[in-house]
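Worksheet: the structure to be examined is printed underneath.
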Amino acid sequence: MSSKTLAYLYSEPVATALLRQQPDDFIVDEELNFTPSGAGEHVLLHIEKTGQNTQFVAKQLAEITGLRARDISYAGLKDRHAVTRQWFCFKWPIKQALDWQSWQLTGCTILSMQRHYRKLRLGALRANRFTIRLRQVSDCNEVLQRADKLKQGVPNYYGEQRFGINGGNLTLAQQLFAGGSISDRKLRGLALSAARSFLFNQQISARIAAGLFNTVIDGDVLQLNGSGSVFRTTQADQQLQQRLDTQDVHITAVLAGLGEPMVSSAAAEFEQHALLPYHALVSGLEDYRLKAERRAIRLLPQQLTMQQQGEDMVLSFALPAGCFATSVLRELVNYRDCGRQTADME
């Protein structure tokens, strides 16, 4: 599922670089959307992992505690080929000892433990903060110039990792919608998610190609910046366009599924036209009773900084939960992802 087929907002970068040549070239820090209470029957472990995926760490915690793997929760999945600091949670009696300092987890260090009064749930994140080293950058000046543009927003594409190795998750969805079956609920969920993500990306790409990425049209559904709240529009006007230009609101596209379309007029026609070639995927998602949602097509990297270190560039920025650092990077530099190549070989 190559991102090369999707339109670039600022044209395809000329400068090249290597991404994730080693794990600590890609560092991710989770920021929860709450402060642990310090008391309660749920244990929160802040863990730094290197070269391990989230489910593998959860499985290790289950084995040590004697719990089931499904009893170990986390706020989000993190890439294996990186250094990531994230939270894991499980229920543990308050009066029962927990010698977590002595635990040996493969590829992991437990940084701290907190008590909390409720379970950590998927998506309970305010943001993810990224620190990324790009190696062997062919033109550091070009990258620095493009970095300034990124502050105005980038396409909020779902990253290639959403689609699995060589687009395998999307292939599973196509097989499922063609009459196949997937007994594993988690795998089926990944397939359905890949189909929705693919359709969403196609809408953004079409909007860029039409020169409408930063233009409100009649019937658009807009999202308030920093909020999940959306509202319908009937007619595009100067006030709405100004709110878009000042980043107060963002244009949305549909996450396909069942439900009355919120868009109308020209926006509805555009959306229908963009999804027309993928009718089988749209119908398949409706058959599986997924509820249609809206998602902003523009992503604003926060606190973006960049520093040159010889031939390398080190950048840091924060993104809302569910957004992809690679969507920022693809507008910055033409990178080769060494970590992803390793995953393909494995």
Legend entry - Polar side-chain atom of Gln203 near backbone of Val254 as donor-acceptor pair, under 3.5 Å: yes
Inset, instruction - Please report the C-alpha distance between Asn141 and Gln145 in whole Å, then the side-chain angles of each, then the deciding distance to 0.1 Å, and finally whether the side chain to side chain donor-acceptor pair (under 3.5 Å) criterion is met. - result: CA-CA 6 Å; Asn141 287 332; Gln145 290 170 6; over 6 Å; no
Legend entry - Asp184 side chain to Leu187 backbone, donor-acceptor under 3.5 Å: yes
Inset, instruction - Identify the two heavy atoms, one from Pro13 and one from Tyr8, that lie closest to each other, and give their separation to 0.1 Å. - result: CD-CE2, 3.7 Å
Inset, instruction - Over all heavy atoms of both residues, which pair between Asn33 and Gly123 is shortest? Give the atoms and the distance, please. - result: ND2-O, 4.2 Å
Legend entry - Pair Ser193-Arg162, side chain to side chain donor-acceptor pair (under 3.5 Å): steps then yes or no: CA-CA 8 Å; Ser193 179; Arg162 176 58 63 96; 2.9 Å; yes
Inset, instruction - List the steps and the verdict of side-chain contact (heavy atoms from CB on, under 4.5 Å) for Ile132 and Tyr335. - result: CA-CA 12 Å; Ile132 297 170; Tyr335 64 83; over 6 Å; no
Legend entry - Any residue meeting ring-ring contact (aromatic ring centres under 6.0 Å, His included) with Tyr288, in chain and number order, not counting sequence neighbours: none
Legend entry - Glu160 versus Thr326, side-chain donor and acceptor atoms under 3.5 Å: no
Legend entry - Glu30 with Lys49: basic N within carboxylate O range, under 4.0 Å: no
Legend entry - Gln238 atom CD, neighbour heavy-atom count above 12 within 6.0 Å: no
Legend entry - Results of ring-ring contact (aromatic ring centres under 6.0 Å, His included) for Phe34 - residues two or more places apart only: His116
Legend entry - Donor-acceptor contact below 3.5 Å, side chain Arg298 vs main chain His250: no
Inset, instruction - Treat each ILVMFWY residue as a node, draw an edge where side-chain heavy atoms are under 4.5 Å apart, and state whether Leu240 and Leu224 are in one component. - result: yes
Inset, instruction - Could you tell me whether the side chain of Val333 reaches within less than 4.5 Å of the side chain of Met313, counting heavy atoms only? - result: no
Inset, instruction - Would you check if the side chain of Trp92 reaches a backbone N or O of Ala97 as a donor-acceptor pair within less than 3.5 Å? - result: yes
Legend entry - Minimum side-chain heavy-atom gap Leu172-Gln175 below 4.5 Å: yes
Inset, instruction - Provide the closest heavy-atom pair for Arg232 versus Pro261 in the form atom of the first, atom of the second, distance. - result: NH1-O, 4.0 Å
Legend entry - From Glu271 atom CD to Met262 atom CE, the distance as rounded to the nearest 0.5 Å: 10.5 Å
Legend entry - Heavy-atom closest pair, residues Cys108 and Val57: SG-CG2, 3.6 Å
Inset, instruction - Kindly give the heavy-atom pair with the smallest separation between Phe200 and Ala296, and that separation in Å. - result: CZ-O, 3.4 Å
Legend entry - CA sep, side-chain torsions, deciding dist, call: Val28, Asp79, side-chain contact (heavy atoms from CB on, under 4.5 Å): CA-CA 9 Å; Val28 189; Asp79 207 297; over 6 Å; no
Inset, instruction - Find out whether Phe177 and Ser283 are in side-chain contact, i.e. whether some heavy atom of one side chain is under 4.5 Å from a heavy atom of the other. - result: no
Inset, instruction - Check each of Phe88, Trp87, Trp100, Tyr74 against His46 using the ring pair (Phe, Tyr, Trp, His ring centres under 6.0 Å) test, and report the only one that passes. - result: Trp87
Inset, instruction - Starting at CG of Leu45, measure out to CD of Gln86 and round the result to the nearest 0.5 Å. - result: 11.5 Å
Inset, instruction - Using modelled atom types only, decide if a donor and an acceptor are shared between the side chain of Ser37 and the backbone of Ala39 within a distance under 3.5 Å. - result: yes
Inset, instruction - Flag yes if Val263 and Phe270 sit in one hydrophobic cluster, no otherwise; membership is Ile, Leu, Val, Met, Phe, Trp, Tyr, and two members link when side-chain heavy atoms are under 4.5 Å apart. - result: no
Inset, instruction - Answer yes or no on whether Arg80 is positioned over the face of Phe56, meaning its NZ or CZ is under 6.0 Å from the six-membered ring centre and within 45° of the axis. - result: no
Legend entry - Beyond-backbone contact of Gln104 with Ile64, side-chain heavy atoms, under 4.5 angstrom: no
Legend entry - Close side-chain approach of Leu150 and Phe317, heavy atoms under 4.5 Å: no
Legend entry - Donor + acceptor pair across side chains of Gln303, Arg129 (<3.5 Å): yes
Legend entry - Nearest heavy-atom neighbours spanning Phe26 and Leu19: CD1-CD1, 3.9 Å
Legend entry - Path from Leu212 to Leu199 over hydrophobic side-chain contacts below 4.5 Å: no
Inset, instruction - Flag the pair Asp312 and Arg135 as a salt bridge only when some basic side-chain nitrogen lies within less than 4.0 angstrom of an acidic carboxylate oxygen. - result: yes
Legend entry - Ion pair check, Asp248 and Arg243, cut-off under 4.0 Å: yes
Legend entry - Spacing of CG belonging to Leu281 relative to CZ belonging to Arg196, to within rounding of 0.5 Å: 12.5 Å
Legend entry - Among Gln242, Gln247, Gln241, side-chain hydrogen bond (donor to acceptor under 3.5 Å, both in side chains) partner for Asp245: Gln241
Inset, instruction - Taking Asp25 for its side chain and Gln21 for its backbone only, find out whether a donor-acceptor pair lies under 3.5 Å. - result: yes
Legend entry - Interatomic distance, Tyr10 atom OH to Ile208 atom CD1 [nearest 0.5 angstrom]: 9.5 Å
Legend entry - Other residues, nucleotides, ligands: >12 heavy atoms within 6.0 Å of Gln101 CD: yes
Inset, instruction - Please answer whether the main-chain N or O of Asn156 pairs with a side-chain N or O of Ser327 as donor and acceptor at a distance below 3.5 Å. - result: no
Legend entry - Approximate separation, where rounding is to 0.5 Å, of Thr109 OG1 and Glu48 CD: 5.5 Å
Legend entry - Stepwise side-chain contact (heavy atoms from CB on, under 4.5 Å) check, Val143 with Leu332: CA-CA 6 Å; Val143 174; Leu332 182 69; 3.7 Å; yes
Inset, instruction - Go through the side-chain N and O atoms of Arg133 and Gln309 and say whether any donor and acceptor fall under 3.5 Å apart. - result: yes
Legend entry - Non-hydrogen side-chain atoms of Ser11 and Arg146 separated by less than 4.5 Å: yes
Inset, instruction - Please confirm whether the backbone N or O of Thr16 pairs with a side-chain atom of Ser138, one donor and one acceptor, at under 3.5 Å? - result: yes
Inset, instruction - From the options Tyr278, Tyr158, Tyr157, select the one residue that forms a ring pair (Phe, Tyr, Trp, His ring centres under 6.0 Å) with Phe198. - result: Tyr278
Inset, instruction - Go through the steps for Asp71 and Lys91 under the test side-chain contact (heavy atoms from CB on, under 4.5 Å), then give the verdict. - result: CA-CA 8 Å; Asp71 294 326; Lys91 194 173 182 179; over 6 Å; no
Legend entry - Leu319 and its side chain to side chain contact (heavy atoms under 4.5 Å, CB included) partner, picked from Leu125, Leu299, Leu300, Asn128: Leu299
Legend entry - Approximate separation, where rounding is to 0.5 Å, of Thr234 OG1 and Asp220 CG: 11.0 Å
Inset, instruction - Check the hydrophobic clustering (I, L, V, M, F, W, Y; side-chain heavy atoms under 4.5 Å; chains of links allowed) and say if Met306 and Leu18 are grouped together. - result: no
Legend entry - Co-membership, hydrophobic cluster, residues Leu120 and Leu61, 4.5 Å side-chain: no
Legend entry - Arg115 (side chain) donor-acceptor with Val43 (main chain) under 3.5 angstrom: no
Legend entry - Whether Glu331 side chain and Val154 backbone form a donor-acceptor pair below 3.5 Å: no
